[in-house]
Asks: 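Structure incoming, see below.
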Amino acid sequence: MSSPASRPVPPAAASQLNLRGAVDLSSLKQRTAPPAGQPAAAPPAGQPAAAPPSATAPGAPDTGGQPLRVEVTEANFQQLVELSAQVPVVFGLWASYSPASGELLNVLEDIINSYGGRLVLGAADIDAFPQLAQAFQVQAVPTAVAVVKGQPVPLFQGGADEQQVRSLLDELLKVAAANGVTGSLGAGAAPAEAEPAPLPPLHQAAYDAIEAGDFAAAAAAYRQALLEMPADAEAKAGLAQVELMDRLQSLTGPDGEALRQLAADQPDNLDAQLGVADLDIAGGHIEDALGRIVGFIGRNFGPERETARVRLLELFEVVGPSDERVAKARQGLARVLF
């Protein structure tokens, strides 16, 4: 894996994708720990191995005896997912072949410590726990993915400076509070934000269905909300999101790789192009996803072009209509249509 330039998820995208991530973590819950003494993967030839990132630094805030940094293993992964119902857990994925990833993880730890117990860092060596990298669809290290109430929220992939990280974590806490995750570790932690207002009944029904993994029921609730109030922007966005989740829920890692290869070999295969766009949206590669569909529309005509256009508009709702990348894609769409 390489370490490309940062691809942080902006606040608008993070809030749109909260608790609606398409990554399925359930497959990791039943895994047993690897045999004792199993070696980690060696770094690629010619690259120095990175030292393991440091343990929690001395002087960290009082968290009632609970560490703010945990080394993630198959044995404790499910405990961290369960902890995400109390405080957001930020998984920082690093690898021994990328010294920069370990260094950035230590910086991330310092930043998370400054939040006074409202966040927890899970440091994950993908050499030792490759299944986690597959589940999070990691393409490079370092990568940071938050989990809130058991659902992933992509943060960034590659490098990120302190200002970017703090902006993302601030937005993450807002997302968590909006979904009832307002806890903290330790008596000295900052006070939790006020409880959010209750959701409208149909929105609550959709949310409950999402939590239960029943995306069809969630979509039905959102459609009913739109019938009752066509201008309901939240219902429109929610419908687009659950439809995305439904399309991706059965897609495994190998399926995704095969789909990407098919899309590369057949650029005018509608299903392949739309499928890869879904994967890119879920992985936080917004510009790649939207640009892929705009390019398809520019090359094709007839019913397939209209199908692609409708899907593009749905993905605009997933990302957020005010996102600057959506504005750019709208301009591109206008050029190829007119």
Asks: State plainly whether one hydrophobic cluster holds both V336 and I293, where clusters connect Ile, Leu, Val, Met, Phe, Trp and Tyr through side-chain heavy atoms under 4.5 angstrom apart.
Replies: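 Yes.
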Asks: Is a side-chain N or O of Q273 found less than 3.5 angstrom from the main chain of Q266, in a donor-acceptor match?
Replies: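 Here the side-chain-to-backbone pair exists.
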Asks: Shortest non-hydrogen contact from P267 to A264?
Replies: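 For P267 versus A264, the nearest heavy atoms are CD-O, 4.1 Å.
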Asks: Give me the ring orientation class for F77 and F91: parallel if the planes are under 30° apart, tilted from 30 to 60°, perpendicular past 60°.
Replies: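 Correct class here is tilted.
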Asks: Is there a path of hydrophobic side-chain contacts, each under 4.5 Å between heavy atoms of I, L, V, M, F, W or Y residues, that connects L199 with M229?
Replies: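 No, because L199 and M229 fall into different hydrophobic clusters, even though each may have its own neighbours under 4.5 Å.
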Asks: Going by heavy atoms in the side chains, are L312 and F316 under 4.5 Å from each other?
Replies: yes
Asks: Please walk me through it: do L337 and R309 pass side-chain contact (heavy atoms from CB on, under 4.5 Å)?
Replies: CA-CA 10 Å; L337 289 178; R309 187 190 71 83; 4.0 Å; yes
Asks: Answer yes or no: is there a side-chain heavy-atom contact under 4.5 Å between V181 and S84?
Replies: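 V181 vs S84: side chains apart.
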Asks: If you round to the nearest 0.5 Å, how far is CZ of F215 from CD of Q249?
Replies: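 Going from the CD atom of Q249 to the CZ atom of F215 covers 5.0 Å.
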Asks: Which atoms form the tightest heavy-atom contact between R325 and G284, and what is the distance?
Replies: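 Minimum heavy-atom separation between R325 and G284: NH1-O, 4.4 Å.
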Asks: Please determine whether the number of non-hydrogen atoms from other residues, nucleotides or ligands lying under 6.0 Å from atom CD of E324 exceeds 12.
Replies: no
Asks: Considering only heavy atoms from C-beta outward, does the side chain of M245 approach that of I210 to under 4.5 Å?
Replies: yes
Asks: Is it true that the side chains of Q261 and E257 contain a donor and an acceptor less than 3.5 Å apart?
Replies: no
Asks: Mind listing the closest non-hydrogen atom pair of L259 and A272 along with its distance?
Replies: CD1-CA, 3.9 Å
Asks: Is the backbone of L251 close enough, under 3.5 Å, to the side chain of D255 for a donor and an acceptor to pair up by distance?
Replies: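 Such a contact is absent between D255 side chain and L251 backbone.
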Asks: To the closest 0.5 Å, what do you measure between CD (Q163) and CD1 (I111)?
Replies: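 Rounded to the nearest 0.5 Å, the CD-CD1 separation comes to 11.0 Å.
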Asks: Tell me whether F338 is reachable from V294 by hopping between hydrophobic residues (I, L, V, M, F, W, Y) whose side-chain heavy atoms are closer than 4.5 Å.
Replies: yes
Asks: To the nearest 0.5 Å, what is the distance between CG (L244) and CG (L315)?
Replies: 6.5 Å
Asks: A side-chain contact here means heavy atoms from C-beta on lying under 4.5 Å apart; do L172 and V90 qualify?
Replies: yes
Asks: Check for a donor-acceptor pair, side chain of R311 on one end and backbone N or O of A277 on the other, with a separation under 3.5 Å.
Replies: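 No, R311 side chain to A277 backbone: no donor-acceptor pair under 3.5 Å.
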Asks: Measure the OH-CG distance between Y97 and D127 for me, rounded to the nearest 0.5 Å.
Replies: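 Result: 6.5 Å between the selected atoms.
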Asks: Which atoms form the tightest heavy-atom contact between T182 and A177, and what is the distance?
Replies: CG2-CA, 3.8 Å
Asks: Does a side-chain heavy-atom distance below 4.5 Å link V147 with F136?
Replies: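 In contact.
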Asks: Going by atom types only, do Q204 and D208 share a side-chain donor-acceptor pair under 3.5 Å?
Replies: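 Yes, D208 and Q204 have a side-chain donor paired with an acceptor closer than 3.5 Å.
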Asks: If we only count heavy atoms from C-beta on, is the N106 to R69 side-chain gap below 4.5 Å?
Replies: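 A side-chain contact exists here, since the closest heavy-atom pair is under 4.5 Å.
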Asks: Going through the checks in order, is the side-chain contact (heavy atoms from CB on, under 4.5 Å) test met by E162 and V165?
Replies: CA-CA 5 Å; E162 180 174 349; V165 173; 5.7 Å; no
Asks: For the side chain of Q151 and the backbone of V148, is there at least one donor-acceptor N/O pair under 3.5 Å apart?
Replies: no
Asks: Please determine whether a side-chain nitrogen of the Lys or Arg among R260 and D280 lies less than 4.0 Å from a carboxylate oxygen of the Asp or Glu.
Replies: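 Yes, charged N to carboxylate O under 4.0 Å.
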Asks: Any side-chain heavy atom of S114 within less than 4.5 Å of one from R166?
Replies: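 A side-chain contact exists here, since the closest heavy-atom pair is under 4.5 Å.
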Asks: Mind checking the CG-CD spacing from L239 to E317? Nearest 0.5 Å is all I need.
Replies: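 Taking CG in L239 and CD in E317, the distance rounds to 9.5 Å.
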Asks: May I ask you to test the R118-L68 pair for a side-chain heavy-atom distance under 4.5 Å?
Replies: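 The answer is no, as the side chains (C-beta and beyond) never meet within the 4.5 Å cut-off.
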Asks: Are L262 and L274 connected in a single hydrophobic cluster, I mean Ile/Leu/Val/Met/Phe/Trp/Tyr linked by side-chain heavy atoms less than 4.5 Å apart?
Replies: no
Asks: Is V242 reachable from L227 through a run of hydrophobic residues whose side-chain heavy atoms are each under 4.5 Å from the next?
Replies: no
Asks: For T143 and L93, indicate whether the former's side chain and the latter's backbone hold a donor-acceptor pair under 3.5 Å.
Replies: no
Asks: Say you draw a straight line from CG of D232 to CG of L202; how long is it, rounded to the nearest 0.5 Å?
Replies: 9.0 Å
Asks: Before giving the answer on side-chain contact (heavy atoms from CB on, under 4.5 Å), spell out for E304 and F296 the whole-Å C-alpha distance, their side-chain angles and the decisive distance to 0.1 Å.
Replies: CA-CA 9 Å; E304 288 193 337; F296 179 90; 3.9 Å; yes
Asks: Might you point out which heavy atoms bring V72 and A124 nearest each other, and give the distance in Å?
Replies: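 Nearest heavy atoms, V72 then A124: CB-CB, 4.0 Å.
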Asks: Any sub-3.5 Å donor-acceptor pair from R305's side-chain atoms to I297's backbone N or O?
Replies: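 Confirmed, R305 side chain pairs with I297 backbone.
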Asks: Could you pull out the closest heavy-atom pair between L119 and Y115, with the gap in Å?
Replies: CD1-CG, 3.8 Å
Asks: Spell out, as yes or no, whether a donor-acceptor pair under 3.5 Å connects the side chain of N76 to the backbone of T73.
Replies: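 Yes, N76 side chain to T73 backbone: donor-acceptor pair under 3.5 Å.
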Asks: The test is side-chain contact (heavy atoms from CB on, under 4.5 Å); show your working for I281 and I286 and say whether it passes.
Replies: CA-CA 5 Å; I281 289 288; I286 309 301; 3.9 Å; yes
